[in-house]
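One structure is given below, encoded as C-alpha cells.
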Amino acid sequence: MDRTETISMLNEYVDMLMDKSDAEHPMWNIEKILSGKPNKWNYIDGCMITSLLNLYDISGDKKYLDFADRFLGWFVEEDGSIKTYDVAEYNLDNINSATCLFKLYDLTGKEKYRKAMDTVRAQLETMPRTKEGNFWHKKIYPYQVWLDGLYMAQPFYMEYERRYGSIEGCEDSFKQFHNVEKHMKDPKTGLYYHGYDESRQMYWADKDTGCSPNFWLRALGWFAASLVDVCEAAGDVLQEEQEYLHGLLKDLVEALTKYQDESGLFYDIVNLPDDERNYLETSGTALISYAILKGTRLGYIDARYREYGVKAFDGIAAKYLGRNEDGTPKLGGICLVSGLGGANHRDGSLEYYFSEPVVENEAKGVGPFIYAYTELIRE
C-alpha cells in the first residue's frame with residue numbers, strides 16, 4: 001500500500017481501538033487480557049495514551065484528548081492518588097504513564113493531574129539505586145539496570161525536575177545515561193545489552209561485565225526513544241549534557257543501521273539476522289523509527305539519517321499492517337514480552353527470546369508505530 005493508504009488505515013485502526021477500549025478494558029493490552037486479571041496502572045497503556053496525545057498534537061482533533069483524559073482520569077483521583085498504583089512496589093515501568101500527566105495538566109488544567117505527578121515523583125525519591133546511582137529496574141530485581149527502564153522513568157524524571165524540581169535532579173538523570181554507556185555498550189558492535197547486574201549475582205549476568213548475553217531489539221528501541229524524549233523534556237537546561245545524549249543517539253543509529261534489513265525492519269535479536277529462529281519485529285523497529293525521525297526533526301542528529309526512519313516505518317506498514325477476515329485493521333509482528341530473571345527463568349539466551357509469543361494489536365507495538373507516524377507527518 002502507498003503512504004496515503006497507510007495513513008487512512010492507521011486512522012481507521014486507531015478509531016477502532018478507542019471505540020473498543022476503556023480504562024478497565026483496553027483492547028490493546030494483550031498481556032493483561034491473556035493474564036485474565038483486572039487492568040491496573042501500567043506502562044503498556046501509557047504507550048497507547050502517549051500515542052493518542054501525539055495524534056492530538058498534530059491533528060487538533062479533540063477525540064484523542066478526550067479519550068486520554070477519560071482513560072487516565074479514571075485512575076487519577078481528585079487528591080492525586082492513583083488507583084492500583086503502589087509506590088512501594090518500586091517498579092520503573094509504573095512511572096511511564098505519568099509522563100502523560102504533564103500534557104493532560106497543561107491541556108485540561110485539572111489539578112488532580114498536577115497532584116498525581118507528585119505521587120509518582122515520590123517513588124523516585126526513595127527508589128533503590130545501584131552503588132553508582134542508577135535506579136534499579138524493579139525492587140524485585142536488585143542492582144539491575146535494564147535499557148527499558150531508561151524510557152520508563154527518565155523522560156518523566158527529567159520533565160518533572162525541569163518544571164518543579166532542581167537542576168541537580170536533571171543532572172542525576174543525565175548521569176544515569178553515562179553509567180549505561182559505561183557498562184552496557186558493546187565496544188565491538190556499538191549496540192547495548194538488554195540488562196546489567198551490578199552485583200553479578202543473577203544467572204544471566206556475565207561474571208566479568210555484569211551484562212546479559214544478547215542485543216534485544218525492543219530494549220534498544222526503548223533506549224533510543226529515551227534519548228530523544230529526555231532531551232526534549234530537558235528543554236533549554238544543561239545543553240552540554242544534551243549534546244552528550246545526541247552523540248549517544250548518533251552512535252547508536254550508526255550501529256543499528258548496519259543491521260537494518262532491506263525490508264526496513266530489524267530482527268528481534270538485532271545482530272543475528274541469519275538465525276532461522278529470528279524474525280523481523282514491529283515494536284522495536286517502530287521505536288527506532290520514532291527516535292530517528294524525532295532526532296532528525298529536532299536537530300539532535302543529522303538529517304541524512306531520516307531516510308532510515310522512513311524506511312523502517314514503511315517496512316512495518318508493508319509487512320505487518322493489514323486487515324482481518326472481517327475487514328478490521330490489525331498490526332502484527334509484535335513480541336509480547338521479553339524480560340530477564342523472574343519465575344520463568346528468563347536467562348537472556350537466544351532460546352529464551354525466541355520462545356516468547358508474537359502477537360497482534362498489542363500496544364507495545366501499536367503505540368510506538370503511532371509515535372513514528374506522528375513524527376513522519378509533523379512539519
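Residue indices begin at 1 and follow the sequence shown.
- Under the 4.5 Å side-chain criterion, counting only non-hydrogen atoms from C-beta, D208 is not in contact with R200.
- Side chain of N324 to main chain of T328: a donor-acceptor pair is present (N/O by atom type, distance under 3.5 Å, no hydrogens or angles).
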Give the intermediate values and the outcome of side chain to side chain contact (heavy atoms under 4.5 Å, CB included) for residues D15 and K63.
CA-CA 9 Å; D15 285 344; K63 68 183 179 183; 2.8 Å; yes

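- Here the two rings, on F369 and W28, have centers that are 6.0 Å apart or farther.
- Salt bridge present: E161 and R121 bring a charged side-chain N and a carboxylate O closer than 4.0 Å.
- Looking only at distances, no side-chain donor or acceptor of Y308 sits under 3.5 Å from a matching main-chain atom of I288.
- When atom types are taken as modelled, the side chain of R218 and the backbone of T282 share no donor-acceptor pair closer than 3.5 angstrom.
- Side-chain atoms of Y320 come within 3.5 Å of backbone N or O of L280 as a donor-acceptor pair.
- Using modelled atom types, one side-chain atom of S97 and one backbone atom of N42 make a donor-acceptor pair closer than 3.5 Å.
- Each of R162, E159, Q154 was compared with S173 under the side chain to side chain donor-acceptor pair (under 3.5 Å) criterion, and only Q154 meets it.
- When ring centroids are compared, F215 and Y193 come within the 6.0 Å threshold.
- Taking the side chain as every heavy atom from C-beta outward, Y113 and D69 approach each other to under 4.5 Å.
- Using modelled atom types, one side-chain atom of S212 and one backbone atom of G195 make a donor-acceptor pair closer than 3.5 Å.
- Using a cutoff of 4.0 Å between basic side-chain nitrogens and carboxylate oxygens, K364 and D148 are not scored as salt-bridged.
- Checked against the 6.0 Å centroid criterion, the rings of F135 and Y157 qualify as a close aromatic pair.
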Verdict with supporting geometry, E262 and K319, salt bridge (Lys or Arg N to Asp or Glu O under 4.0 Å)
CA-CA 12 Å; E262 61 181 13; K319 186 171 179 63; over 6 Å; no

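- Looking only at side-chain heavy atoms (C-beta outward), V180 and L248 stay at 4.5 Å or farther from each other.
- Ion pair E31/K40 not flagged as a salt bridge, since none of the NZ, NE, NH1 or NH2 atoms sits closer than 4.0 Å to an Asp/Glu carboxylate oxygen.
- When the side-chain hydrogen bond (donor to acceptor under 3.5 Å, both in side chains) test is applied to W222, no partner is found at least two apart in sequence or on another chain.
- Not counting sequence neighbours, the partners of D57 by the side-chain hydrogen bond (donor to acceptor under 3.5 Å, both in side chains) test are K103.
- Side-chain atoms of K83 come within 3.5 Å of backbone N or O of W74 as a donor-acceptor pair.
- Classification of E78 and K115 as a salt-bridged pair fails, no side-chain N sitting under 4.0 Å from a carboxylate O.
- Partner P155 forms a side chain to side chain contact (heavy atoms under 4.5 Å, CB included) with one of I95, D229, N96 and no other, that one being D229.
- Using a distance-only test at 3.5 Å, with no hydrogens or angles considered, no donor-acceptor pair links the side chain of E356 to the main chain of S338.
- V228 has its side chain out of reach of L298: every pair of non-hydrogen atoms, C-beta onward, lies at least 4.5 Å apart.
- Between the side chains of H183 and E198, no donor N or O sits under 3.5 Å from an acceptor N or O.
- To the nearest 0.5 Å, the span separating CD on E241 from CE on M158 amounts to 8.5 Å.
- Judged purely by atom type and a 3.5 angstrom limit, K112 uses its side chain to pair as donor or acceptor with the backbone of G73.
- Between Y64 and I58 the shortest side-chain heavy-atom distance does not fall below 4.5 Å.
- Between H246 and Y300, the ring planes lie parallel to each other; the angle is under 30°, not in the 30° to 60° tilted range.
- Under a 4.5 Å side-chain heavy-atom cut-off, the cluster of Ile, Leu, Val, Met, Phe, Trp and Tyr residues that includes I140 is completed by Y141, W146, M202, Y203, W204, W216, I269, L272, L340, L350, Y352, Y353, F354.
- Taken to the nearest 0.5 Å, the CG atom of L321 stands 11.0 Å off from the CD atom of E360.
- Classification of D275 and R277 as a salt-bridged pair holds, one side-chain N sitting under 4.0 Å from a carboxylate O.
- Residues D172 and R129 are paired through a salt bridge, judged by an N-O separation under 4.0 Å between the basic side chain and the carboxylate.
- For the residue pair Y143 and Q201, no side-chain donor N or O sits within less than 3.5 Å of a side-chain acceptor on the partner.
- Relative to the ring axis of Y164, R114 places its NZ or CZ within 45° and under 6.0 Å from the centre.
- Using modelled atom types, one side-chain atom of N39 and one backbone atom of A23 make a donor-acceptor pair closer than 3.5 Å.
- Side-chain atoms of L256 and I292, non-hydrogen and from C-beta on, never get closer than 4.5 Å to each other.
- Smallest separation of non-hydrogen atoms from M127 and L92: CE-CD2, 3.7 Å.
- For the pair E281 and I334, the minimum side-chain heavy-atom distance is below 4.5 Å.
- For the pair L53 and L104, the minimum side-chain heavy-atom distance is below 4.5 Å.
- Under the 3.5 Å distance criterion, with hydrogens and angles disregarded, a donor-acceptor pair is assigned to the side chains of T126 and Y90.
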Would D314 and R3 satisfy salt bridge (Lys or Arg N to Asp or Glu O under 4.0 Å), going step by step from the backbone distance to the final call?
CA-CA 8 Å; D314 288 340; R3 180 69 54 72; 2.8 Å; yes

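- To the nearest 0.5 angstrom, M184 atom CE is 4.0 Å from L147 atom CG.
- More than 12 heavy-atom neighbours from other residues, nucleotides or ligands sit within 6.0 angstrom of CD on E351.
- Distance check, rounded to the nearest 0.5 Å: CD1 of I33 to CE of M27 gives 8.0 Å.
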